[in-house]
Amino acid sequence: MLFSPALNRLAEAFRRLPGIGPKTALRLVYHVLSMEESAVQEMARALVEARRRVRECASCRNLTEEENCPICRDPRRDPSSLCVVQEPRDVPVIEKSGAFRGRYFVLHGALSPVEGRGPAELKIPLLLQILSRGEVKEMIIATNPTVEGDATAYYLAEKARPLGVKVMRIGFGLPVGGDLEYADELTLKRALEARREML
Amino acid sequence: MLLREIRLQNFRNYEKAELCFKPGLTLIRGANGQGKSNLLEAIYSLCFAGSFRQVRDEEMVRFGSSFYYLCGNLLSNELSYQMEVGYAALQKRKVVKVNGNIEKRGKFNRVFPVVFFVPEDLEIVRRGPEERRRFLDRELCQLSSAYAADLNAYRRALLQKNRLLREQRHSPALRELLSPWNRQLVKYGSRIIAYRNQIIQRWAEKAGQNYRVLFRYGHKLEIIYHCSLAYGRLGGEPAADAAQLAELMSREIKARESEERARGYALVGPHRDDLFFFLDRREARKFASHGQQRGIVIALKAAQVQYYGETMEKPLFMIDDIFSELDEERRRQCLLLFEAAAQVLMTVTGENKETELYLPGREAASLYIVQSGTVKEAKLN
Ligand SMILES: Nc1ncnc2c1ncn2[C@@H]1O[C@H](COP(=O)(O)OP(=O)(O)OP(=O)(O)O)[C@@H](O)[C@H]1O
Ligand SMILES: [Mg+2]
Ligand SMILES: [Zn+2]
């Protein structure tokens, strides 16, 4: 129980963050109280600034502070290859692999009628517009391996094929360095389904 | 599989109890309302650590208490498992430990071969198709984690499709919006049907034989998987492999598109399937007597026991209140069906002492007497 309206308000505010329950919120509140006022101000500024400055890149919808994100502006990136991901956080994951030199498109979600998310909400018309310009030759769909992620992939594939774009689905396989015997059954099943002939 | 011991604390009407079990037969005897079913429920909850039959944990906490705790030891494929399940009602928190390690999300993924007969199972024969599909899915998920994953994905895709059919019925883009969900319904649905078909056939053969053991002169039991897809029976046709079923299903979805649109929900797929029980070609739900209906369920449960024995290992067979509605000869005959189990735990009310005389392996059988939440071991005589 907090006997200060200000603290209550702060705790309530923390609870709006994902994964924060009442206990964690309280812990954060007490921690904020123990901080220097200047540090708290810095943090508050950082929150507001981030919210104010960051927006979606006009061409790929990744988060950026400019009209176009650094990847879209980079002339060394291959414009004929486009990787479609579900969330902004997926971009750095694929970037870190260093295996992809093309550009991205971020959907900010997957198709899900029960959550009211259709093609328009995911800005799929914008994506199709990009594809219809003819520059993109190959689209790699890297949505999550869930029912919704797969549905999104099927939908995109059906829409993109008439535009003459080669459509690929990212392979979901075994983690490298992991032993086969420790892979869970579902991962193994997917890896087997996505098997390719060895050349 | 063998259950070796279990300890209960604040579970249903047990404050504290401790039982050891041997292979073979154990009788749990007591008058009505003393705690026999509760004991079997505890064993089931321990073996499955929270999956399958979804009883709410709050309901299992002893009245006036704030938690329940179960622990026990079981042996499966020559490995021993120390199982612990605890539930704290205030925090609504469930903890499952196996061999001292906490399991994620309060669930344990290893599934043990356990077959459980409860009186509610009679609804499989007596009630509607939902009960039968629920039974089927529960038992098949227990047999195969791949089936469980397919079923989960199928249900998710079905939910999404039904939402579209309900809310976007008049959208000109409906067909292309539905298409990605239909593709997945076909993919998972065809595998679900193929697996159901395969297992039900095996069960059906054995259940037919078991029914003949029960009712010696009796009628012929047939169990038939009615797949809505094939407009009738798959009836053991070898053509029923998943790839062919997928083609059949996607054709059927196309054919019934406008009907689905008009009704506002999905009409094609394993969520519409059923299981039919026939005695001499007459539907058992409508024409069989109570004793015969009970016999059908016993024959089916025994078939599951035998199937586990042939494909995995001999199971634990828990039997709650099997004797009512059965005449003396049926009681004796149904005891013959227990032999395929590694261990049988069976509740009796004590009125059927004559039947107990015919128990197979009676000399080695154990007996527990249950009286208002306490158990004590006794001699069978
Ligand atoms: N959470 C609970 N806490 C305390 N008692 C409970 C709880 N849930 C059920 N009971 C009680 O447990 C008693 C025994 O129930 P149980 O179903 O095990 O009896 P039984 O021995 O199987 O009887 P029968 O022969 O009639 O089937 C019931 O009287 C019921 O009121
Ligand atoms: Mg009972
Ligand atoms: Zn960009």
Side-chain angles (χ1 to χ4, degrees), chain A residues 19 21-24 26 84 86 107 109-125 127-128 131 139 141 143-163 167 169 172 181-195, chain B residues 90-93 103-105 107-111 141 143-169 171-192 195 242-243 246 250 264-266:
Chain A
K23 274 193 197 150
T24 316
L26 269 188
V84 180
Q86 228 170 284
L107 295 167
L111 289 176
S112 176
V114 292
E115 289 159 295
R117 244 184 278 122
E121 284 71 25
L122 302 182
K123 306 253 169 67
I124 288 176
L127 171 61
L128 296 175
L131 294 180
M139 173 169 73
I141 306 174
T143 51
N144 292 342
T146 57
V147 176
E148 283 76 14
D150 284 343
T152 311
Y154 285 134
Y155 184 83
L156 288 176
E158 276 174 32
K159 286 296 220 181
R161 236 172 251 125
L163 301 173
V167 182
R169 179 89 167 103
F172 290 95
E181 61 176 321
Y182 294 126
D184 71 273
E185 256 168 276
L186 214 62
T187 311
L188 254 171
K189 218 168 105 177
R190 284 197 80 102
L192 282 169
E193 278 172 6
R195 67 186 180 271
Chain B
L90 282 179
Q91 294 88 333
K92 292 190 187 305
R93 209 169 113 77
E103 295 296 318
K104 272 182 288 179
R105 280 179 280 120
K107 270 187 184 161
F108 182 46
N109 283 327
R110 170 92 165 67
V111 173
C141 285
L143 273 175
S144 156
S145 59
Y147 182 86
D150 284 346
L151 189 67
N152 247 328
Y154 183 85
R155 285 177 175 161
R156 187 77 200 164
L158 185 64
L159 184 79
Q160 300 281 20
K161 176 179 176 177
N162 281 338
R163 180 62 69 97
L164 281 175
L165 282 170
R166 211 169 60 229
E167 287 180 357
Q168 315 253 355
R169 209 188 293 204
S171 158
L174 181 63
R175 179 179 293 172
E176 66 180 39
L177 289 175
L178 284 175
S179 163
W181 307 108
N182 279 335
R183 283 180 69 165
Q184 299 196 75
L185 288 174
V186 166
K187 172 178 163 190
Y188 298 114
S190 57
R191 299 206 291 235
I192 289 168
Y195 191 65
S250 91
Y265 55 88

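Numbered from 1 within each chain, the chains take letters A, B, ... in sequence-line order. The structure presented is a predicted model; accordingly, all values stated were derived computationally and were not measured.
Listed here is the closest heavy atom pair of P180(B) and A151(A): CB-O, 3.2 Å. Between P113(A) and L164(B), the shortest heavy-atom distance links the atoms CG-CG, 3.5 Å.
Within 6.0 Å of CZ on R169(B) lie more than 12 heavy atoms contributed by other residues, nucleotides or ligands. Atom CZ of R93(B) has 12 or fewer neighbouring heavy atoms from other residues, nucleotides or ligands inside a 6.0 Å radius.
Judged as a ring pair (Phe, Tyr, Trp, His ring centres under 6.0 Å), and not counting sequence neighbours, the contacts of Y147(B) are Y195(B). Under the rule for a salt bridge (Lys or Arg N to Asp or Glu O under 4.0 Å), the partners of E167(B) that lie at least two apart in sequence or sit in another chain are R163(B).
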Please test W181(B) against L111(A) for side-chain contact (heavy atoms from CB on, under 4.5 Å), starting from the C-alpha separation and ending with a verdict.
CA-CA 10 Å; W181(B) 307 108; L111(A) 289 176; 4.2 Å; yes
Step by step, work out the side-chain contact (heavy atoms from CB on, under 4.5 Å) result for Q160(B) and V147(A).
CA-CA 10 Å; Q160(B) 300 281 20; V147(A) 176; 5.7 Å; no
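Using a 4.5 Å cut-off between heavy atoms, Y188(B) contacts chain A through its side chain alone, with no backbone atom that close. For Q168(B), no part sits under 4.5 Å from any heavy atom of chain A, backbone or side chain.
Between R156(B) and S112(A), some side-chain heavy-atom pair lies under the 4.5 Å cut-off. Looking at heavy atoms from C-beta onward, E158(A) lies in side-chain contact with R183(B) at the 4.5 angstrom threshold. Between L177(B) and Y155(A) there is a side-chain heavy-atom pair separated by less than 4.5 Å.
Side-chain atoms of Q184(B) do not come within 3.5 Å of backbone N or O of D150(A) as any donor-acceptor pair.
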